[in-house]
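Quick notes on the structure that follows.
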Amino acid sequence: MDYKVEISALLSKITGLESEEIARLMEIPPQSDMGDYAFPCFILSKQMRKSPVMIAAEIASSSDFDAPYIDSVRSQGPYVNFFIDKGHYAKSVVSEILQKGEQYVSSNIGIGKTVIVEFSSPNIAKPFHVGHAFTTVLGHSLSRIYDKLGYNVVRVNHLGDYGTQFGKLITAYRLWGDESALEASPIDELLRIYVLFHEKEKDDPQLTQDARDNFRRLEAGEPEEKALWQRFRDLSLKAFAKVYDRMGVTFDSYKGESDYSDRIPGVISFLEEKDLLIDSDGARVVMLDEYKLPPCLVVKSDGTTIYASRDLAAAMFRHEHYNFYKNIYVVGLPQSLHFQQVFAVLDKAGADYAKNCEHVGFGLVKFKNMKFSTREGNIVVLEDLLNESIAKTLDIIRSNAELRQTDMSEDEILDIANKVGIGSVIYTYLKSGRERDIVFSWEEMLDFEGDSAPYLIYTYARTRSILRKAMDQGISSSNAFDDALSLLKSDEEFALLKLLSDLPDAIEKAASSNEPFMLSRQVSRIARAFNRFYNNSSILRDSDDRLRSARLAICEAVCTAIKTGTYLLGIDVVERM
RNA sequence: GGGUCUAUAGCUCAGCAGGAUAGAGCAACAGCCUUCUAAGCUGUGGGUCGGAGGUUCGAGUCCUCCUAGGCUCACCA
């Protein structure tokens, strides 16, 4: 039940204010000893011509608060503080979670609505580095979150498989390409010749010209260039698939930039019909002064297309094909002007779906003082980071296994190391607001203590261990469905229950702000509260078997919360570690 | 120069729509494993919330100005 709504209704009778307004004004006190809900009386002081302190005292002394779920009502300064009956609360929260299981965080607010999440979108022929991981991890998590809320989610990998860079690559490959190296390690070989091209290009303008010619031939569909491009693309996709597979990331569409090249004429004629295209130094642009934005370049002076035209084509296609409720672009913050322009062009052209397009930006992944740059070769490849993380996890598991004398098989150990190691990397990207820059450091990326994925997974594994032991001893939480749950009224238990009950709200906030950290924080808080409880009370060893069952029920609820929460972040839990 | 974002503990970050004594994690220091997994828990120290004005009963939160920094400003993506 929703205690806030209930209390607001009671207050409404006393104060005469609308119940909804009261619910909006209600607060959660900063300290638990101040109660569970608080009503600030400032708003009443003007109309009643009394000090808020006096009003609070009057309300608190009212006799209308005799509901069974209210323990007490006290005024403190200008606030009326409500203390919920802990037993009542425990029964309500725990039984709901146990009955609904993982569905307790589900919602149907998204039923019948399609959300497109464009994310990851790596450039073909370039290594998948720790910067790409940001959009991949963010988009993956957002997809799962929207999915959980009932939306129809379309995951789109808008591959960077087009543009002048491919002219460069074709030129470079013909000059310096090594067939066997390409076969053995495609991305490394493509990167090698790409870097080489940029070195040589400085002293040889002919190379630049060749590259442009080759891109033009590619765009014109010349078979030789097309075949090479296709090969680069296939090899790259195969390499990317390995990384996605490791992280459990999937897509519904791999429609990349190249897929839209034949729709560009449609975009241009559409804009021409609306009379929006203007010649400017030989190029064709859409003026956006009324949006206070610089003009958007749609066709270059040499007649070829540019990313803005391809993004326009993609948005138009998605509208026709999916009729989306939301079209989200999980792309780095530096591209925010670009998206503003694209959306503004759509809006100016009268496309009503422009307002449903949203750029979900994120910060830069930096390396000390410099940006990662493919051309300069100062990058950290995601696979290396994952491997390091897994290796470190493996060490810890092995030494723990020895210490605890567990009988885990080598396969199980490897599986755990994989999940914890990869989860750890994922969590690093999702623990703070997405617009923050991440300064890459091995030390911090591989810190497994405190606020980290291993902490969450560890808490889960530990709790599962208790539940397994309980089962072995024939103790069950099932007889806790009666009043035993109302025995859960210690401070630690109560604090934990509040956090559990707030999880669905955290998920909705994560979706509405496209900020998975709203969720990761809540899961982290739950784990911390549980560990506190765990260290303060014995669960299986308590002499009262009703309390024992009730505590086991809390353990189950915590497992459910952590498992679903981490799943929505893209992190797997393990039964033992 | 225009646009935009950021500035909170030594470090990394929270602080939801203004509200009660500004919170976590890491690091530091002091403790807790014959007892359910110590990747854990408890405690201590640490802050003029970048600066100055203003709005308000009340500002880390809203407005203005200033300072510092990031990103960005059409024929790359």
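Reminder, nothing fancy here: chain letters follow the sequence lines and each chain counts from 1.
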Looking just at side-chain N and O atoms, do [X] and [Y] make a donor-acceptor pair shorter than 3.5 Å?
X	Y	result
A:Ser409	A:Glu412	no
A:Arg310	A:Ser261	no
A:His338	A:Asp311	yes
A:Tyr291	A:Gln341	no
A:Tyr162	A:Asp259	no
A:Arg74	A:Ser72	yes
A:Asn531	A:Arg462	yes
A:Ser452	A:Asp447	no
A:Thr171	A:Asp210	no

Self-check item: Side-chain (A:Asp161) to main-chain (A:Glu257) donor-acceptor, under 3.5 angstrom
Solution: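 Side chain of A:Asp161 to backbone of A:Glu257, a donor-acceptor pair under 3.5 Å: yes, one is there.
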Quiz item: Is A:Asp36 reaching over with its side chain to a backbone N or O of A:Phe83, donor-acceptor style, under 3.5 angstrom?
Solution: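 Between the backbone of A:Phe83 and the side chain of A:Asp36 there is no qualifying donor-acceptor contact (under 3.5 Å).
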Indicate, with a heavy-atom threshold strictly under 4.0 Å, whether [X] touches base, sugar-phosphate, or nothing.
X	result
A:Glu27	base
A:Pro294	nothing
A:Gly163	sugar-phosphate
A:Pro29	base

Could you check how far [atom1] of [X] sits from [atom2] of [N], rounded to whole Å?
X	N	atom1	atom2	answer
A:Arg532	B:U42	CZ	C1'	10 Å
A:Gln522	B:A24	CD	C1'	13 Å
A:Phe166	B:A77	CZ	P	10 Å
A:Ile562	B:A39	CD1	C1'	14 Å
A:Leu297	B:C73	CG	P	13 Å
A:Ile397	B:A39	CD1	P	12 Å
A:Glu492	B:U42	CD	C1'	11 Å
A:Gln335	B:A77	CD	P	10 Å

Quiz item: Got more than 12 heavy atoms from elsewhere within 6.0 Å of CZ, A:Arg576?
Solution: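 Yes, CZ of A:Arg576 has more than 12 neighbouring heavy atoms, counting only those of other groups under 6.0 Å.
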Quiz item: For nucleotides 29-37 of chain B, read 5' to 3', which letter fits each nucleotide if B means a protein heavy atom sits under 4.0 Å from the base, S means only the sugar-phosphate is that close, and - means neither?
Solution: ------SBB
Quiz prompt | Sugar-phosphate or base contact per nucleotide [nucleotides 2-16 of chain B; S, B, -; heavy atom under 4.0 Å] | solution = -----SB----SSSB
Separation between the [atom1] atoms of [N] and [M], rounded to whole Å:
N	M	atom1	result
B:U55	B:U67	P	24 Å
B:G10	B:U4	C1'	30 Å
B:G31	B:C49	C1'	32 Å
B:A52	B:A68	C1'	15 Å
B:C66	B:A14	C1'	27 Å
B:U8	B:G45	P	23 Å
B:G50	B:A22	P	15 Å
B:U48	B:U44	C1'	23 Å

Of the listed nucleotides ([options]), which one gets closest to any side-chain atom of [X]?
X	options	value
A:Arg528	B:G40, B:A24, B:U21	B:A24
A:Thr393	B:A39, B:A20, B:C71	B:A39
A:Arg310	B:A77, B:G25, B:A27	B:A77

Quiz item: Between A:Ile43 and A:Ser452, which has a closest nucleotide on RNA chain B that is more 5'?
Solution: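 Result: A:Ile43.
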Quiz prompt | Comparing A:Phe448 and A:Lys300 on RNA chain B - which has the more 5′ nearest nucleotide | solution =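 Comparing both residues, the 5'-ward one is A:Phe448.
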Quiz prompt | Stretch residues 119-138 of chain A: residues that reach within less than 4.0 Å of RNA chain B through a heavy atom | solution = none
Practice problem: Using heavy atoms and a sub-4.0 Å distance, could you list which residues of residues 33-41 of chain A are near RNA chain B? By number, please. | Solution: A:Met34, A:Ala38
Quiz item: Is the shortest heavy-atom distance from the side chain of A:Asp279 to the side chain of A:Arg284 under 4.5 Å?
Solution: yes
Self-check item: A:Lys366 NZ/CZ over A:Phe440 ring centroid, <6.0 Å and within 45° of normal
Solution: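 Cation-pi check for A:Lys366 and A:Phe440: fails.
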Quiz item: Is the shortest distance from a Lys or Arg side-chain nitrogen in A:Lys419 or A:Asp415 to a carboxylate oxygen in the other one below 4.0 Å?
Solution: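 A salt bridge is present here (some side-chain N lies under 4.0 Å from a carboxylate O).
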Practice problem: Mind running ring-ring contact (aromatic ring centres under 6.0 Å, His included) on A:Phe339 and A:Tyr329 for me, showing each step along the way? | Solution: CA-CA 9 Å; A:Phe339 283 109; A:Tyr329 298 81; 4.8 Å; yes
Quiz prompt | Involving RNA chain B, stems made of at least three consecutive Watson-Crick or G-U pairs, both distances under 3.5 Å | solution =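 Only these stems qualify: B:1-7 with B:67-73, B:10-13 with B:23-26, B:28-32 with B:40-44, B:50-54 with B:62-66.
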Quiz item: For the side chain of A:Asn81 and the base of B:A20, is some donor closer than 3.5 Å to an acceptor across the two?
Solution: yes
Self-check item: Any N/O donor-acceptor pair, A:Thr164 side-chain to B:A77 base, under 3.5 Å
Solution: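 Answer is no: no donor-acceptor pair is held.
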Quiz item: So A:Phe530 and A:Tyr534, would you call those rings parallel, tilted or perpendicular, with 30° and 60° as cut-offs?
Solution: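 Answer is tilted, since the angle falls between 30° and 60°.
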Quiz prompt | Plane angle bin for A:Trp229 and A:Phe166 - parallel if under 30°, tilted between 30 and 60°, otherwise perpendicular | solution =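 Rings of A:Phe166 and A:Trp229: perpendicular, as their planes differ by over 60°.
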Practice problem: Ignoring backbone atoms, establish whether A:Tyr455 has a side-chain N or O less than 4.0 Å from OP1 or OP2 of B:A24. | Solution: no
Quiz prompt | B:C33, syn or anti by chi within 90 degrees of zero | solution =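 Syn conformation for B:C33.
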Quiz item: Mind checking what makes side chain to side chain donor-acceptor pair (under 3.5 Å) contact with A:Arg398, not counting sequence neighbours?
Solution: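 With neighbours one apart ignored, the set is A:Glu410.
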